[in-house]
Amino acid sequence: MITAVYPGSFDPITNGHLDIIKRSAKTFDKLIVAVLNNPNKTPMFDLEERVDLIRQSISDLNNVEIDCFSGLLIDYMQNKNVNVIIKGLRTISDFEYEFQMALMNRKLNKEIETLFMMTNSDYSYLSSSLVKEAFRFGGNIENLVPDIVIQKMKEKL
Ligand code: ADP
């Protein structure tokens, strides 16, 4: 049985994230979506809200668990006894960053493998930060994030 961890900030979850979650849930026996608690950043949604939005967006997937972590991802993975990290890849700049991260994580723990899943071309330009920026200036973000996210973003304004 192979379990993978899909880590990220998910502030908030987008349809690009959702696509990676659905495809990973099909590929692995179990997927843990691990939401990063980063005290150095001020997110739009706090940790609990981010987890909640993911939960409501994936209610039809029964082999996906949602969890939070802070500190080093590989420490979290060791505690959970999981050794596959899933990352989404959109652009060359994603690649450069993820390449460094993957090699650093392997240096820290050689048992852990990072696997990359290519973005769905429909969402290759999509990031949480771009969605937030478009929304702030009144852009239509329908079909880019789950409806529940749009609802919550409207409440925040
Ligand atoms: P972002 O703000 O870039 O969406 P996250 O930290 O929430 O950042 O991203 C978590 C993971 O999801 C990363 O591996 C990232 O590459 C991936 N990801 C984010 N958006 C997409 C997308 N549209 N298509 C594929 N992968 C994505």
Side-chain angles (χ1 to χ4, degrees), residues 2-28 30-58 61 64-77 80 82-106 108-109 112-137 139-150 152-153 156:
I2 301 184
T3 301
V5 165
Y6 177 40
S9 309
F10 305 103
D11 182 40
I13 184 167
T14 69
N15 287 349
H17 294 131
L18 210 48
D19 179 71
I20 299 285
I21 292 173
K22 286 180 179 159
R23 287 159 59 206
S24 303
K26 260 198 236 166
T27 308
F28 298 98
K30 183 178 159 190
L31 181 73
I32 302 173
V33 179
V35 185
L36 174 64
N37 183 15
N38 183 349
N40 299 324
K41 275 195 187 164
T42 312
M44 179 177 213
F45 293 100
D46 66 29
L47 198 61
E48 214 173 301
E49 292 173 313
R50 281 180 273 151
V51 166
D52 215 47
L53 287 173
I54 300 171
R55 184 162 292 128
Q56 295 187 60
S57 307
I58 62 158
L61 301 174
V64 180
E65 179 185 312
I66 309 162
D67 197 9
C68 307
F69 75 103
S70 51
L72 281 182
L73 176 62
I74 54 152
D75 288 342
Y76 168 78
M77 297 191 55
K80 283 267 166 184
V82 176
N83 53 18
V84 177
I85 304 172
I86 282 291
K87 287 297 191 90
L89 265 192
R90 289 163 292 193
T91 56
I92 297 286
S93 55
D94 266 359
F95 175 81
E96 284 176 352
Y97 176 72
E98 297 294 354
F99 182 72
Q100 271 190 308
M101 287 285 284
L103 292 188
M104 180 54 117
N105 280 333
R106 187 181 312 143
L108 296 172
N109 183 336
I112 290 181
E113 290 293 347
T114 306
L115 304 183
F116 293 96
M117 197 169 265
M118 208 52 73
T119 182
N120 178 327
S121 57
D122 292 344
Y123 306 126
S124 60
Y125 60 93
L126 199 56
S127 70
S128 297
S129 47
L130 206 54
V131 163
K132 284 183 281 191
E133 196 165 320
F135 182 79
R136 266 190 208 113
F137 295 105
N140 181 359
I141 56 167
E142 245 169 81
N143 301 322
L144 302 185
V145 295
D147 289 343
I148 179 75
V149 171
I150 300 184
K152 290 285 168 199
M153 283 173 89
K156 288 263 169 201

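Here the structure is a predicted model, which means the values were calculated and not measured. In each ligand, atom 1 is the first atom listed, and ligand 1 is the first ligand listed.
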Under 4.0 Å to a heavy atom of [X] - the qualifying atoms of ligand 1, by number:
X	result
I20	25 (C), 26 (N)
K87	14 (O)
G8	6 (O), 10 (C)
D94	16 (O)

Derivation of the salt bridge (Lys or Arg N to Asp or Glu O under 4.0 Å) call for D46 and R50 = CA-CA 6 Å; D46 66 29; R50 281 180 273 151; over 6 Å; no
Measure the spacing between NZ of K132 and OG of S127 and express it to the nearest 0.5 Å.
->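 Output value for this atom pair is 8.5 Å.
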Would you mind telling me if ligand 1 is within reach of the side chain of D19, the backbone, both or neither, using heavy atoms under 4.0 Å?
->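 D19 to ligand 1: no contact under 4.0 Å from either part.
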Looking only at heavy atoms, is any part of L126 under 4.0 Å from ligand 1, and if so is it the side chain, the backbone, or both, or is it neither?
->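 It is both backbone and side chain that touch ligand 1.
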Protein residue, atom and distance nearest to [atom], heavy-atom basis:
atom	result
atom 14 (O) of ligand 1	G88 N, 3.1 Å
atom 23 (N) of ligand 1	Y123 O, 2.8 Å
atom 22 (C) of ligand 1	R90 CD, 3.5 Å
atom 24 (N) of ligand 1	T119 OG1, 2.9 Å
atom 6 (O) of ligand 1	S9 N, 3.1 Å
atom 8 (O) of ligand 1	H17 NE2, 4.1 Å

Are Y6 and ligand 1 in contact, using a heavy-atom cut-off of under 4.0 Å?
->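 Contact check Y6 vs ligand 1: positive.
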Report yes if some N/O of P7 lies less than 3.5 Å from some N/O of ligand 1; otherwise report no.
->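 By distance alone, the answer is no.
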Close N or O approach (F10, ligand 1; < 3.5 Å) |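 Yes; the residue has a nitrogen or oxygen that sits under 3.5 Å from a nitrogen or oxygen of the ligand.
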Compare every heavy atom of [Y] with every heavy atom of [X], then report the nearest pair and how far apart it is.
X	Y	result
I21	L61	CG2-CD1, 3.9 Å
L53	P12	CD1-CB, 4.3 Å
I13	V145	O-CG1, 3.8 Å
D11	S128	O-CB, 3.4 Å
I54	V35	CD1-CG2, 3.6 Å

Judged by atom type as modelled, is there a donor-acceptor pair below 3.5 Å linking the side chain of N15 to the main-chain atoms of N143?
->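 Checked: pair present.
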Give the intermediate values and the outcome of salt bridge (Lys or Arg N to Asp or Glu O under 4.0 Å) for residues K152 and E49.
-> CA-CA 9 Å; K152 290 285 168 199; E49 292 173 313; over 6 Å; no
Is D94 paired with K87 through a side-chain N to carboxylate O contact shorter than 4.0 Å?
->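 No, no charged N to carboxylate O under 4.0 Å.
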